[in-house]
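Here the structure is laid out as structure tokens; the discussion comes afterwards.
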Number of protein chains: 2
Amino acid sequence: MADITSESPSEKLAASGRPPHAADDDRRSTSDLLACIELFYFAYRGFTCEADSILEQYGFGRAHHRVLHFVNRNPGLKVAELLDILRITKQSLARVLKQLVDEGFIIQKAGHEDRRERRLYLSAKGARLTDKLTQIQAKRIEGALAGLGSGADAMTRNFLFAMVAEKDKPRVEALLRSQRGGSPIEESEDCNL
Amino acid sequence: MADITSESPSEKLAASGRPPHAADDDRRSTSDLLACIELFYFAYRGFTCEADSILEQYGFGRAHHRVLHFVNRNPGLKVAELLDILRITKQSLARVLKQLVDEGFIIQKAGHEDRRERRLYLSAKGARLTDKLTQIQAKRIEGALAGLGSGADAMTRNFLFAMVAEKDKPRVEALLRSQRGGSPIEESEDCNL
DNA sequence: CCAATAAGTCAACATGGCTGACATAACGTC
DNA sequence: GACGTTATGTCAGCCATGTTGACTTATTGG
């Protein structure tokens, strides 16, 4: 695969005829970082666009997708936890959550310990849609990783985690742990957000 | 650095007490891909949030940032080209572009060949703001790459490029090339989008 | 009984997408 | 020089999804 994004001196020379000069090497090449900034924007667009077009068929948007995703990943999630993950207001969440519940994609059950809580679960219908969305995004990521060498997998995850805002890192770490750990979030003692 | 995101069998065992079983290894672990999906969301949020808070001080949003960014990267950009990069309607662009021009962050000049064209440039003021935004994002990316091994740089760019939607790839490739190539977009013969 | 908590709801507003329709100026051609 | 095309700008209105503030309801626990 042609390495489109790299800026090795030889390629720089070959592609543009401009000789590399010392100023380009201020730590990491500014040009490379600029390329990353831009790529991140386009990559995120690529990441979401296929799922968006499926969601559109259901009259849903990306906000609905997020709810489906995190409920899928954390069955029995409390509304308050979801709010904390998404960092939006309950009014914003309510709008999309209500639709998802009304249309039977998400099921709410009162908590058995504390009946004020509404634990969120996917219905079969909700699981079907979520699976479809997940598969399309997983496929794209898998395809992207496939072209890269071994270790790309872990390196990419580490890069992405490092990009997460500091204040979000503990939460994201807990989410990843609980999900790959196996014990559902509602039954863990130490993961109650 | 603790590798938070990896799912090596040993860690899986240590973290959750759940033994790894064969079904986890369907090509790439589904759990790892799910983690990537989630990480991409949180990472993009981390990527944008600092810039967003600066923009807010100016009464601008992410839409303004995109315009500033691409004009900075492609001085003399035509409105039509910008529309094609952003994939939004001219009405949506007009709203933010008008603000940026009215407030003196962006300068429009009629093209010298075709005077219908409005070539876009940053004013000194616009360049100052854009630099501030770029620096904060570049710093975050640099920080994220710093923790990873050598080669993370190129691998990350390649991963991100691979995530770009197929229909966008030629355009993104051209953008990267023109910018690292050196010849400004308005003077190149073969890059006229 | 009562204060605190989890959740839901109503109203209003901002941003940034969208569509459709139309205006203006400049270009190029017949 | 008239005319069709192109590049851009603009008006009006709609939608999705974020925000704030205020208030209700059900439930918990002291």
Side-chain angles (χ1 to χ4, degrees), chain A residues 41 44-45 48-49 51-53 55-69 71 76-103 106-121 186 192-193, chain B residues 41 44-45 48-49 51-53 55-69 71 76-102 106-120 186 192-193:
Chain A
Y41 164 65
Y44 195 73
R45 202 162 76 177
T48 53
C49 68
D52 285 349
S53 73
L55 288 158
E56 206 180 349
Q57 297 164 11
Y58 290 77
F60 294 149
R62 216 173 283 175
H64 302 84
H65 187 181
R66 289 184 198 122
V67 172
L68 291 171
H69 173 89
V71 171
L77 197 66
K78 289 183 274 186
V79 169
E81 289 167 341
L82 189 48
L83 286 175
D84 201 59
I85 290 169
L86 298 175
R87 295 201 191 277
I88 59 175
T89 59
K90 65 176 172 177
Q91 295 90 328
S92 295
L93 174 58
R95 210 160 21 200
V96 294
L97 184 53
K98 194 172 187 313
Q99 280 183 272
L100 290 168
V101 170
D102 287 351
E103 300 181 30
I106 282 191
I107 295 165
Q108 290 180 310
K109 291 183 199 169
H112 37 273
E113 305 255 301
D114 183 338
R115 298 214 328 279
R116 289 172 302 180
E117 297 168 356
R118 296 300 146 92
R119 324 289 314 215
L120 304 175
Y121 301 89
E186 78 273 19
N192 269 338
L193 317 179
Chain B
Y41 163 66
Y44 195 74
R45 200 162 78 178
T48 54
C49 69
D52 285 347
S53 73
L55 289 157
E56 205 179 351
Q57 299 164 11
Y58 291 77
F60 293 151
R62 216 173 283 176
H64 302 83
H65 187 181
R66 289 183 197 123
V67 173
L68 291 170
H69 173 88
V71 171
L77 197 65
K78 290 183 274 187
V79 170
E81 290 167 340
L82 189 48
L83 286 175
D84 201 59
I85 290 170
L86 298 175
R87 296 202 189 277
I88 59 175
T89 59
K90 65 176 172 176
Q91 295 91 330
S92 294
L93 174 58
R95 211 159 23 199
V96 294
L97 183 54
K98 193 171 188 313
Q99 279 182 272
L100 290 167
V101 170
D102 287 352
I106 282 192
I107 294 165
Q108 290 178 310
K109 291 184 199 168
H112 39 272
E113 305 256 301
D114 184 339
R115 300 215 325 280
R116 289 172 302 180
E117 298 168 356
R118 297 300 146 93
R119 323 290 312 217
L120 304 175
E186 78 273 18
N192 268 340
L193 317 180

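Letters A, B, ... mirror the listed sequences (proteins, then strands); counts begin at 1.
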Give the rounded distance in Å between these two atoms: CG of B:Leu55 and P of D:dG18. 18 Å
Rounded to the nearest angstrom, tell me the gap between atom CG in A:Leu86 and atom C1' in C:dA7. 16 Å
Sort me out a list of protein N/O and nucleotides 13-18 of chain C N/O pairs below 3.5 Å, or just none if empty.
unit_1: C:dG16; atom_1: OP1; unit_2: B:Arg62; atom_2: N; d: 3.2
unit_1: C:dG17; atom_1: OP1; unit_2: B:Arg66; atom_2: NH1; d: 2.7
unit_1: C:dG17; atom_1: N7; unit_2: B:Arg95; atom_2: NH2; d: 2.4
unit_1: C:dG17; atom_1: O6; unit_2: B:Arg95; atom_2: NH1; d: 3.2
unit_1: C:dC18; atom_1: OP2; unit_2: B:Thr89; atom_2: N; d: 2.7
unit_1: C:dC18; atom_1: OP2; unit_2: B:Thr89; atom_2: OG1; d: 3.1
unit_1: C:dC18; atom_1: OP2; unit_2: B:Ser92; atom_2: OG; d: 3.3

For residues 90-97 of chain A, tabulate all N or O donor-acceptor pairs below 3.5 Å that involve a side-chain atom, not counting sequence neighbours.
unit_1: A:Ser92; atom_1: OG; unit_2: A:Thr89; atom_2: OG1; d: 3.1

Between A:Leu100 (CG) and D:dA16 (P), how many Å, whole number? 13 Å
Would you mind reading off the distance between B:Leu83 atom CG and D:dT10 atom C1', rounded to a whole angstrom? 14 Å
Rounding to a whole Å, what distance do you find between A:His65:NE2 and D:dT17:P? 13 Å
In whole angstrom, what separates A:Lys98's NZ from D:dA16's P? 15 Å
If I take atom CG from residue B:Leu77 and atom CD1 from residue B:Ile106, how far apart are they, to the nearest 0.5 angstrom? 9.0 Å
Test of understanding: with salt bridge (charged side-chain N to carboxylate O under 4.0 Å, His left out), list the residues that count as partners of B:Arg45, not counting sequence neighbours. A:Asp168
Could you tell me the separation between the CD atom of A:Glu81 and the P atom of C:dA6, rounded to a whole number of Å? 10 Å
Between the protein and nucleotides 28-30 of chain D, are there any N/O to N/O pairs under 3.5 Å, and if so, what are the atom names and distances?
unit_1: D:dT28; atom_1: OP1; unit_2: A:Arg115; atom_2: N; d: 3.3

For a quick check of understanding: with a heavy-atom distance under 4.0 Å over all strands, which category does B:Glu56 fall into, base, sugar-phosphate or nothing? nothing
Results of salt bridge (charged side-chain N to carboxylate O under 4.0 Å, His left out) for B:Arg118 - residues two or more places apart only: none
What is the distance, to the nearest angstrom, from the CG atom on A:Leu97 to the P atom on D:dG18? 13 Å
Cationic N near anionic O, under 4.0 Å, A:Glu117 to A:Arg115: no
Check salt bridge (charged side-chain N to carboxylate O under 4.0 Å, His left out) between A:Arg62 and all other residues, then give those that pass, not counting sequence neighbours. A:Asp52
side-chain contact (heavy atoms from CB on, under 4.5 Å) between B:Lys109 and B:Ile107, worked out: CA-CA 7 Å; B:Lys109 291 184 199 168; B:Ile107 294 165; 4.2 Å; yes
Which residues share a ring pair (Phe, Tyr, Trp, His ring centres under 6.0 Å) with B:His69, sequence neighbours left out: none
Residues in side chain to side chain donor-acceptor pair (under 3.5 Å) contact with B:Lys98, at least two apart in sequence or another chain: B:Asp102
